[in-house]
> 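Pasting in a structure now, in structure tokens, and then I'll have a few things to ask.
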Amino acid sequence: MPKNKKPAGGRPAKNFDPSYADRRSGGKGAQRPGSRSPGHRGHRADDAAPRKARWNADERAARAAERSGGGRDERSARPSDRDERGPRRSFDRDDRPQRSFNRDDRAQRSFDRDDRAPRRSFDRDDRPQRSFNRDDRPQRSFNRDDRAPRRSFDRDDRPQRSFNRDDRPQRSFNRDDRPQRPADRGDRAPRREQAPRSSNFYPSANTSAGFTADDDVVLERLEAQATVAADVEGVTFGSLGLGGNIERALAELGAPTAFPIQAATIPDVLAGRDVLGRGRTGSGKTIAFGAPLVEKLMENGGGKKRQMGRKPRALILAPTRELALQIDRTVQPIARSVGLFTTQIYGGVPQHRQVGALQRGVDIIVGTPGRIEDLIEQGRLDLSEVTVTVLDEADHMCDLGFLEPVQRIIRQTAPGGQKLLFSATLDKGVAALVNEFLTEPSIHEVAGEDQASSTIDHRVLVVEHRNKDMLIEQLADRDGKTLIFSRTRAYAERLTDQLEDAGIRAVALHGDLNQSRRTRNLQQLTSGRVSVLVATDVAARGIHVDDIDLVVQADAPDEYKTYLHRAGRTGRAGKEGRVVTLIPRSRRRRMADLLSRAEIEANFVEAAPGDDVVLEIAGEPTVEDLTD
DNA sequence: AAAAAAT
């Protein structure tokens, strides 16, 4: 019986977005050379253009282009820039340590290119015949920027270990209405006990149960098998069913034994079941799906491991390029330990390298939806043999704009293939995918992983709008790593400039930057070369950087899940972290509602620049903060 | 509003 309930045909129209196209082309061209502000290098007066209060997309792009293209010149120009500004704004902080303006400090490059042996290029095209016609694409421009990412294993994302709370209400769960699994999949591990369920478990597909995007409701939690952390303390990967090579690779990644979410999901993944996994931010979800996925491919792979042009058998989808890259940094060494290959397929970089890897043959693809669809349409990527598909940040992948491409991609994979959905905020928003693609999924979470047991201190500062930027500057003027979230790219860019002008080393991360700049800027925070990153929500989910101890939300999030993910960039590895959200007075009520949905307790304090509370927050978070 | 494909 085919698993797909919907016909594979009838592709919806492409989600072509003209404004997106404008932004992209705007970002490349030099239609607006130079800065618009007189204080900046390369300023060109443009009297013809009327002064605008806000930047439009093109200006933003030009600004981004300037920032990214500036290179060293930009840097050498900066200090004098500052001199012209006159005396620094004073907010009673003359004790600020002198910042070094030696900005020629780009991250060390390690030419981490693909370490596989050079392949002989057979003149052979064993690609299967495609049904759709491929118009001959023009030659792609060759751009050196797509070198492989630097390897930096941010391995240490261990959660706090000792909690023992099993007080979640038992939920009923009934799958009588699920299609039966084919008999040949009956060899899986015995089902764990599930209580019967009374009604429709999921809201009907593609309606989100009538909620609009504006309703920040907490969709009903998926009832899950709760694993008690204390019960799986010290469980080895070997005892979960993973082979010795993989276990050793994991140990090298800094994971000698399994985390709770890993202990919970790995056996079911190995048994071939569809799995939904919810684990707190930084709880080790990547290994939870990555390691058993590799084990399964190896078991089924047989002797054709190294075959040229073999088709990929596993696909891992992520919502952002940075996350895809990071996932690959974890999965690749695991895969390589058993002779399997991974490749990254995402946009923003030339495709030739990715295509070359596919032609040589890879086993696991890690990527983002756009480029994957692109390559499928070009006939350069064939997912028909993909038998394991993973969606990281699965609930986000079901949001508007992501869902349809994701559905189209999954429909290209082998029917009946295994599906793994993971997220820290997994909820019924994934129903559309579950209903179409999953069969009797097992659902796992870890007991006691709630906000009360977290190591994060939450504050809300109620601020006057005119004080906001100065307050952010004071918050960012500190020693530890600080991550600042803004709602828009333009504001992220503006804040970055402001911080730099104040002598605080900061870089930006958002979609107006080209990919090499994005990668570099994130790397600069990871390596500690800068201590402040100002980002849009591109950095909200999944990105792991060691030792971020302060998250500042320059704009409050609209959704409680966004709050949880942004906050989850700190307090990792069981360390203390702090989250500060700036809101205007008028937003207090909305913010309180959001926090209650997130099950977070936080004090609201009115604050102005220079207030003690601001200086205190800029200091080190302490254990006392968590207990008061 | 952001993200995800270029041209």
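Naming: A, B, ... by sequence-line order, numbering from 1 per chain. Since the model is a prediction, treat every value here as computed from it, not as a measurement.
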> Quick one: does any side-chain atom of A:Asp363 pair with a main-chain N or O of A:Phe341 as donor and acceptor, under 3.5 Å?
yes
> For A:Asp558 and B:dA3, give me the distance from atom CG to atom P, rounded to whole Å.
15 Å
> With respect to the side chain of A:Thr320, which nucleotide from B:dA1, B:dA3, B:dA5 is positioned closest?
B:dA3
> Think A:Thr368 has a side-chain N or O under 4.0 angstrom from the OP1 or OP2 of B:dA5?
yes
> Can you measure A:Ile543 atom CD1 to B:dA2 atom C1' for me and round it to whole angstrom units?
14 Å
> Considering only B:dA5, B:dA3, B:dA1, which nucleotide approaches the side chain of A:His510 most closely?
B:dA3
> Taking OP1 and OP2 of B:dA1, is either one under 4.0 Å from a side-chain nitrogen or oxygen of A:Thr536?
no
> Give the rounded distance in Å between these two atoms: CZ of A:Arg408 and C1' of B:dA4.
11 Å
> Pairing donors with acceptors under 3.5 angstrom, does anything connect the side chains of A:Asp555 and A:Ser486?
no
> Name all residues meeting the side chain to side chain contact (heavy atoms under 4.5 Å, CB included) criterion together with A:Thr368; count only those two or more places apart in sequence or in a different chain, and write none if there are none.
A:Arg321, A:Ala324, A:Tyr346
> Within less than 4.0 Å of OP1 or OP2 of B:dA4, is there a side-chain N or O belonging to A:Arg541?
no
> Return the value, rounded to whole Å, for the distance between atom CG of A:Asp374 and atom C1' of B:dT7.
11 Å
> Given A:Asp558, which of A:Arg587, A:Arg566, A:Arg487 fulfils the salt bridge (Lys or Arg N to Asp or Glu O under 4.0 Å) condition?
A:Arg587
> If the plane angle is over 60° it's perpendicular, under 30° parallel, otherwise tilted; pick one for A:Tyr563 and A:His458.
tilted
> In this structure, how many angstroms lie between the C1' atom of B:dA2 and the CZ atom of A:Arg321, rounded?
12 Å
> Take the protein atom CG of A:Leu323 and the nucleotide atom P of B:dA4, then report the distance between them rounded to whole Å.
11 Å
> Rounded to whole angstroms, how far apart are CZ on A:Phe485 and C1' on B:dA3?
14 Å
> Expressed in angstrom and rounded to an integer, what is the separation of A:Met397 atom CE from B:dA2 atom C1'?
14 Å
> Would you say a side-chain N or O of A:Arg489 is under 4.0 Å from OP1 or OP2 of B:dA3?
yes
